[in-house]
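Below, chains carry the letters A, B, ... as their sequence lines are ordered, and counting in each starts from 1. Small disclaimer: the values here were computed from a predicted structure and weren't measured.
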There are 2 protein chains.
Amino acid sequence: MADVKTGPNPLFLREEELRQAMELLFFAYRDFTAVPDKILSKYGFGRAHRRVIYFVERYPGITVSELLGILQITKQSLSRVLSQLVREGFIVQHPGERDRRQRRLELTEKGRALEHELSENQRQLIARAYREAGAEAVEGFRQVMLGIMEEPDRQRFERREGQRSGGRR
Amino acid sequence: MADVKTGPNPLFLREEELRQAMELLFFAYRDFTAVPDKILSKYGFGRAHRRVIYFVERYPGITVSELLGILQITKQSLSRVLSQLVREGFIVQHPGERDRRQRRLELTEKGRALEHELSENQRQLIARAYREAGAEAVEGFRQVMLGIMEEPDRQRFERREGQRSGGRR
DNA sequence: TTTTTACGTCAGCCATGTTGACGTATATCG
DNA sequence: CGATATACGTCAACATGGCTGACGTAAAAA
């Protein structure tokens, strides 16, 4: 294959560096999602289901609109997978206490089991990468990834950067 | 929304750390691809076209099977977008010199222009993130991302790690 | 000369995103 | 209290981009 070019010119190096970052994102994401994708197909589910399950386990009691805000898809798209997950007993909904229009989402036991099965490989990938790279590299990784993200969701990761704001979105 | 939990338990912290990494990947990737997606729709293209254009500019003269190996999709899926790009004059094919069965791919001027338009925002995102995080963090980012990737494609990034072994890790 | 390889194409299926229109229950505002 | 806004749901139609399976052609390799 045509080789990855490398050169002494600092301007070029910078360009090369940026390109590399794009590819790192592409390859890491591709490999990161490959295994869960296979597991999901056993259940007749897809990536969309995985994301819903993930965020419901992450934020138990999350509302539909909050989930929409995270996934940034339309409610019709979400509805398709969510209602499937509810119908098949992976997720339960119950009305919000203060606002009974809301449907707060939670995983059932079955849902948690699936979530765990899906996360296992990813956990291992990350754990291995973290272990091999070391604590300092991990902090660098965090910083760069946060830098790539757009503002609104960065707050989700505030903490340990040194404050407590629990911001809305 | 249910808050991101945080606690003193080291075992829990580790779990929390792994979860965060998954989310960083999700959010960074989501935001990283958002702008190009919009540009593409102006041309009637999608993410698949973007990836092809990207890797053809990255590895000019790349063959179809090499591209398939990178993208990890079927030739039928690739064919759909590739032939469209060729038909509309973004990519040209010419037979390989040593092996005339191959079709080596290259961007046309038009293709390069589109590639540049698509990369611009991403370049800026990365450049900003790199600048704000600093050189050390960037190196950490690289290491962790490489650790998440599976073996075969890591070699693509060897260089500057300071040796030539194809080693494990 | 036969077999394998590189690439292409047709046809059909599935998952997941989109828009637009419309409906219901509850909360909130004037 | 009545009007309006909000949270959520649903139906229908469409596009993209994966997939499998079957079949074809030209060139390389055995």
Side-chain angles (χ1 to χ4, degrees), chain A residues 1 26 29-30 33-34 36-54 56 61-88 91-105 168-169, chain B residues 1 26 29-30 33-34 36-54 56 61-88 91-105:
Chain A
M1 171 186 305
F26 171 75
Y29 197 82
R30 190 199 62 180
T33 52
D37 280 357
K38 274 186 196 152
I39 297 171
L40 285 159
S41 69
K42 286 193 317 189
Y43 291 82
F45 292 155
R47 247 180 230 198
H49 302 83
R50 197 267 177 278
R51 291 195 278 258
V52 170
I53 287 176
Y54 177 83
V56 171
I62 191 174
T63 66
V64 171
S65 14
E66 287 165 343
L67 197 47
L68 285 174
I70 290 178
L71 300 176
Q72 292 188 8
I73 57 177
T74 59
K75 65 176 176 173
Q76 293 92 326
S77 298
L78 174 58
S79 172
R80 192 159 35 202
V81 294
L82 180 55
S83 54
Q84 215 178 328
L85 289 166
V86 171
R87 210 181 313 122
E88 300 185 24
I91 289 181
V92 284
Q93 308 173 301
H94 49 262
E97 292 194 357
R98 290 193 311 268
D99 186 339
R100 285 178 19 246
R101 290 171 306 180
Q102 299 175 337
R103 312 227 175 149
R104 299 198 163 263
L105 307 174
R168 257 226 49 42
R169 19 170 317 110
Chain B
M1 173 186 306
F26 170 76
Y29 197 82
R30 190 199 62 181
T33 51
D37 280 357
K38 275 187 195 152
I39 297 172
L40 286 159
S41 69
K42 287 194 316 192
Y43 291 81
F45 293 153
R47 247 179 231 196
H49 301 84
R50 196 269 176 280
R51 291 195 278 257
V52 170
I53 287 176
Y54 177 84
V56 171
I62 191 173
T63 66
V64 170
S65 14
E66 287 165 342
L67 196 46
L68 285 174
I70 290 178
L71 300 176
Q72 293 188 7
I73 57 177
T74 59
K75 65 176 176 174
Q76 294 93 324
S77 297
L78 173 58
S79 172
R80 192 158 39 199
V81 295
L82 179 56
S83 55
Q84 215 178 330
L85 289 167
V86 170
R87 210 181 312 122
E88 300 184 23
I91 287 182
V92 284
Q93 308 173 301
H94 49 262
E97 292 193 358
R98 291 194 310 266
D99 186 339
R100 284 172 27 242
R101 289 170 305 179
Q102 300 176 335
R103 313 226 175 149
R104 299 199 164 261
L105 307 174

query = In a check of salt bridge (Lys or Arg N to Asp or Glu O under 4.0 Å) between B:Asp37 and each of B:Lys42, B:Arg50, B:Arg47, which one passes?
reply =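 The residue from B:Lys42, B:Arg50, B:Arg47 that satisfies salt bridge (Lys or Arg N to Asp or Glu O under 4.0 Å) with B:Asp37 turns out to be B:Arg47.
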
task = Identify the two heavy atoms, one from A:Leu71 and one from B:Phe26, that lie closest to each other, and give their separation to 0.1 Å.
result =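 Distance-wise, the nearest heavy atoms are CD2-CZ, 4.1 Å.
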
task = Compare every heavy atom of B:Arg100 with every heavy atom of B:Glu97, then report the nearest pair and how far apart it is.
result =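 Looking at all heavy atoms of both residues, the shortest contact is O-CG, 4.3 Å.
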
ask   = Is there a donor-acceptor pair under 3.5 Å between the side chain of A:Arg30 and the backbone N or O of B:Ile70?
value = yes

query = Is the closest side-chain heavy-atom distance between B:Val56 and B:Leu85 below 4.5 Å?
reply =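 Not in contact.
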
inquiry  = Can you confirm whether B:Leu105 sits close enough to B:Val52 that some side-chain heavy atom of one is under 4.5 Å from a side-chain heavy atom of the other?
reply    =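 The answer is no, as the side chains (C-beta and beyond) never meet within the 4.5 Å cut-off.
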
task = Could you pull out all residues at least two apart from A:Lys38 that satisfy side chain to side chain contact (heavy atoms under 4.5 Å, CB included)?
result = none

request  = Find the distance between CZ (A:Arg103) and OG1 (A:Thr63) and round it off to the nearest 0.5 Å.
outcome  = 12.0 Å

remark   = Readout for nucleotides 24-30 of chain D: B = base within 4.0 Å of protein heavy atom, S = sugar-phosphate only, - = neither; 5' to 3' it is ---BS--

Which pairs of donor and acceptor atoms, one on a side chain in residues 73-84 of chain B, lie under 3.5 Å apart (sequence neighbours left out)?
residue: B:Thr74; atom: OG1; partner: B:Ser77; partner atom: N; Å: 3.3
residue: B:Thr74; atom: OG1; partner: B:Ser77; partner atom: OG; Å: 3.0
residue: B:Ser83; atom: OG; partner: B:Ser79; partner atom: O; Å: 2.6
residue: B:Ser83; atom: OG; partner: B:Arg80; partner atom: O; Å: 3.4
residue: B:Gln84; atom: OE1; partner: B:His49; partner atom: NE2; Å: 3.0

ask   = Starting at the 5' end of DNA chain C, which residue's closest nucleotide do you reach first, B:Gln76 or A:Val81?
value = B:Gln76

task = Anything under 4.0 Å to a heavy atom of chain B counts; send over the first and last such nucleotide of DNA chain C, read 5' to 3'.
result =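 Listed 5' to 3', the contact boundaries are C:dT5 to C:dC10.
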
message = Using a heavy-atom cut-off of 4.0 Å across all strands, would you classify A:Ser83 as base, sugar-phosphate, or nothing?
response = nothing

task = Check every strand shown and say whether B:Gln93 touches a base, only sugar-phosphate, or nothing at a heavy-atom separation below 4.0 Å.
result = sugar-phosphate

query = Quick one, which residues of residues 40-51 of chain B touch DNA chain C with a heavy atom under 4.0 Å?
reply = none

inquiry  = Return whichever of A:Gln102 or A:Arg80 has its heavy-atom-nearest nucleotide of DNA chain D closer to the 5' end.
reply    = A:Gln102

ask   = For the helix from C:dT1-D:dA30 to C:dG30-D:dC1, how many degrees between its two end axes (five pairs per end), to the nearest 10°?
value =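 For the helix from C:dT1-D:dA30 to C:dG30-D:dC1, the axes at either end differ by 30°.
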
